[in-house]
Engineer: 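Below: one structure in structure tokens.
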Amino acid sequence: MTILTVIYNGVPQLEYDRDKPLEDHQLLYLQKMDEKMNTGISIGDQHISNPDISQRAQFVAANLAHAIETDNEISMAALCSYIAIRMPEIQQVSIDKQDNGEIEIDFRFEAATPNVAFVAPPTRLS
């Protein structure tokens, strides 16, 4: 699936179509995001000095939650595109803000396509 959907507290907020290519300056911005995260990130109380791609996506999704809350459309677009480009197997990012202020992030990945054998129906002779 080429669409990444972002849902915040059960309400769809934005969609990203992976079939539409990013402009060079947008790709450069994603590269700069990676370079900045190469110095380490903090998720909750934990500092991660060498984050892997899933940790980076979690960090970016937390920042996406803040961008949605503050209605920062430019940041929302950049952060959503980061997740969509860097983790193309993600179909949906579901972000839920709890009553205590904690944010719960759930990535929903592409479902495996089952092998289905199609058999032609028998031909009926009259």
Side-chain angles (χ1 to χ4, degrees):
M1 177 174 264
T2 63
I3 301 293
L4 170 69
T5 305
V6 177
I7 298 174
Y8 183 82
N9 287 340
V11 179
Q13 297 293 316
L14 58 143
E15 288 186 342
Y16 181 90
D17 185 352
R18 291 179 175 104
D19 286 340
K20 293 182 180 178
L22 290 178
E23 295 181 18
D24 289 342
H25 72 279
Q26 293 168 316
L27 289 170
L28 182 61
Y29 187 81
L30 299 185
Q31 183 180 348
K32 288 182 181 186
M33 286 176 65
D34 272 324
E35 289 170 5
K36 190 171 182 180
M37 285 188 276
N38 285 341
T39 64
I41 60 173
S42 293
I43 298 176
D45 295 336
Q46 181 182 17
H47 180 75
I48 303 164
S49 58
N50 189 21
D52 63 24
I53 188 64
S54 63
Q55 292 164 324
R56 290 171 189 247
Q58 184 179 358
F59 177 78
V60 170
N63 284 285
L64 178 57
H66 180 71
I68 291 169
E69 290 171 355
T70 59
D71 200 29
N72 186 334
E73 291 183 10
I74 293 172
S75 289
M76 289 185 334
L79 297 165
C80 184
S81 65
Y82 181 91
I83 295 169
I85 300 296
R86 298 295 191 258
M87 294 198 66
E89 64 277 8
I90 293 178
Q91 286 185 352
Q92 186 181 87
V93 178
S94 180
I95 303 168
D96 290 305
K97 187 167 187 178
Q98 308 299 315
D99 292 336
N100 63 2
E102 295 284 320
I103 294 177
E104 185 176 305
I105 299 167
D106 181 32
F107 295 122
R108 298 194 178 129
F109 294 87
E110 246 176 1
T113 306
N115 283 335
V116 179
F118 291 96
V119 179
T123 305
R124 185 173 206 182
L125 298 175
S126 321

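Fair warning: this is a prediction, and the values are worked out from it, not measured in the lab.
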Engineer: Are more than 12 heavy atoms from other residues, nucleotides or ligands located less than 6.0 Å from atom CG of D17?
Structural biologist: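 More than 12 heavy atoms, drawn from other residues, nucleotides or ligands, come within 6.0 Å of this atom.
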
Engineer: Tell me whether L64 is reachable from F107 by hopping between hydrophobic residues (I, L, V, M, F, W, Y) whose side-chain heavy atoms are closer than 4.5 Å.
Structural biologist: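 They do share one cluster, since a chain of ILVMFWY contacts under 4.5 Å joins F107 to L64.
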
Engineer: With sequence neighbours excluded, what pairs up with A67 under the side chain to side chain contact (heavy atoms under 4.5 Å, CB included) test?
Structural biologist: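 Partners of A67 by the side chain to side chain contact (heavy atoms under 4.5 Å, CB included) criterion, ordered by chain and then number, come out as N72, S75, M76, L79.
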
Engineer: Verify the neighbour count for atom CG of D52: are there more than 12 heavy atoms of other residues, nucleotides or ligands below 6.0 Å?
Structural biologist: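 Yes, because the 6.0 Å sphere around CG of D52 holds more than 12 heavy atoms from other groups.
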
Engineer: Can you confirm whether F109 sits close enough to Q92 that some side-chain heavy atom of one is under 4.5 Å from a side-chain heavy atom of the other?
Structural biologist: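 Sidechains of Q92 and F109: no contact.
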
Engineer: If you measure from CG on L27 to NZ on K32, what distance do you get to the nearest 0.5 Å?
Structural biologist: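 If I round to the nearest 0.5 Å, the distance is 12.5 Å.
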
Engineer: Can you see which heavy atom on H47 is nearest to which on S42, and at what distance?
Structural biologist: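 In this case the closest contact between H47 and S42 is ND1-OG, 3.5 Å.
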
Engineer: CG of D19: more than 12 outside heavy atoms within 6.0 angstrom?
Structural biologist: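 Count over threshold, so yes.
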
Engineer: State the CG-CD1 distance between L14 and I3, to the nearest 0.5 angstrom.
Structural biologist: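 It comes to 11.0 Å.
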
Engineer: So, taking the atom named CE in M33 and the one named CZ in F59, what distance separates them when rounded to the nearest 0.5 Å?
Structural biologist: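 CZ of F59 is found 8.0 Å from CE of M33.
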
Engineer: Please assess N38 against R56 for the test side-chain contact (heavy atoms from CB on, under 4.5 Å), listing each intermediate value before the final yes or no.
Structural biologist: CA-CA 10 Å; N38 285 341; R56 290 171 189 247; 2.6 Å; yes

Engineer: Any chain of hydrophobic side-chain contacts (each under 4.5 Å) joining V60 to I7?
Structural biologist: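 The answer is no; the residues belong to distinct hydrophobic clusters.
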
Engineer: Please, which pairs that meet side-chain hydrogen bond (donor to acceptor under 3.5 Å, both in side chains) have at least one residue in residues 76-88, sequence neighbours excluded?
Structural biologist: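 Qualifying pairs, neighbours excluded: D34-Y82, D34-R86.
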
Engineer: Within the supplied structure, the quantity of interest is the number of heavy atoms (other residues, nucleotides, ligands) at a distance under 6.0 Å from E73 CD; does it exceed 12?
Structural biologist: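 Atom CD in E73 is not packed in, count stays at 12 or less.
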
Engineer: Ignoring hydrogens and angles, write down the donor-acceptor pairs under 3.5 Å from the side chains of residues 93-105, residues two or more places apart or on other chains.
Structural biologist:
unit_1, atom_1, unit_2, atom_2, d
K97, NZ, E69, OE2, 3.3
N100, OD1, E102, N, 2.9

Engineer: Within a strict 4.5 Å, meaning less than it, do heavy atoms of the Q55 and I43 side chains meet?
Structural biologist: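 Side chain of Q55 against side chain of I43, heavy atoms only: contact under 4.5 Å found.
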
Engineer: State, with a plain yes or no, whether a side-chain heavy atom of L4 is found less than 4.5 Å away from one of C80.
Structural biologist: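 Touching, per the 4.5 Å side-chain cut-off.
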
Engineer: Which distance, rounded to the nearest 0.5 Å, do you find between the CZ of R18 and the CD of Q91?
Structural biologist: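 Result: 8.0 Å between the selected atoms.
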
Engineer: How long is the gap from OH on Y16 to OG1 on T5, to the nearest 0.5 Å?
Structural biologist: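 Taking OH in Y16 and OG1 in T5, the distance rounds to 13.0 Å.
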
Engineer: If you look at every heavy atom in L30 and A78, which pair is closest and at what distance?
Structural biologist: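 Result for this residue pair: CD2-O, 3.8 Å.
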
Engineer: Minimum heavy-atom separation for A57 and I83, please, with both atom names.
Structural biologist: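 Closest heavy-atom pair between A57 and I83: O-CD1, 4.1 Å.
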
Engineer: List the steps, then state whether side-chain contact (heavy atoms from CB on, under 4.5 Å) holds for I53 with M87.
Structural biologist: CA-CA 8 Å; I53 188 64; M87 294 198 66; 3.7 Å; yes

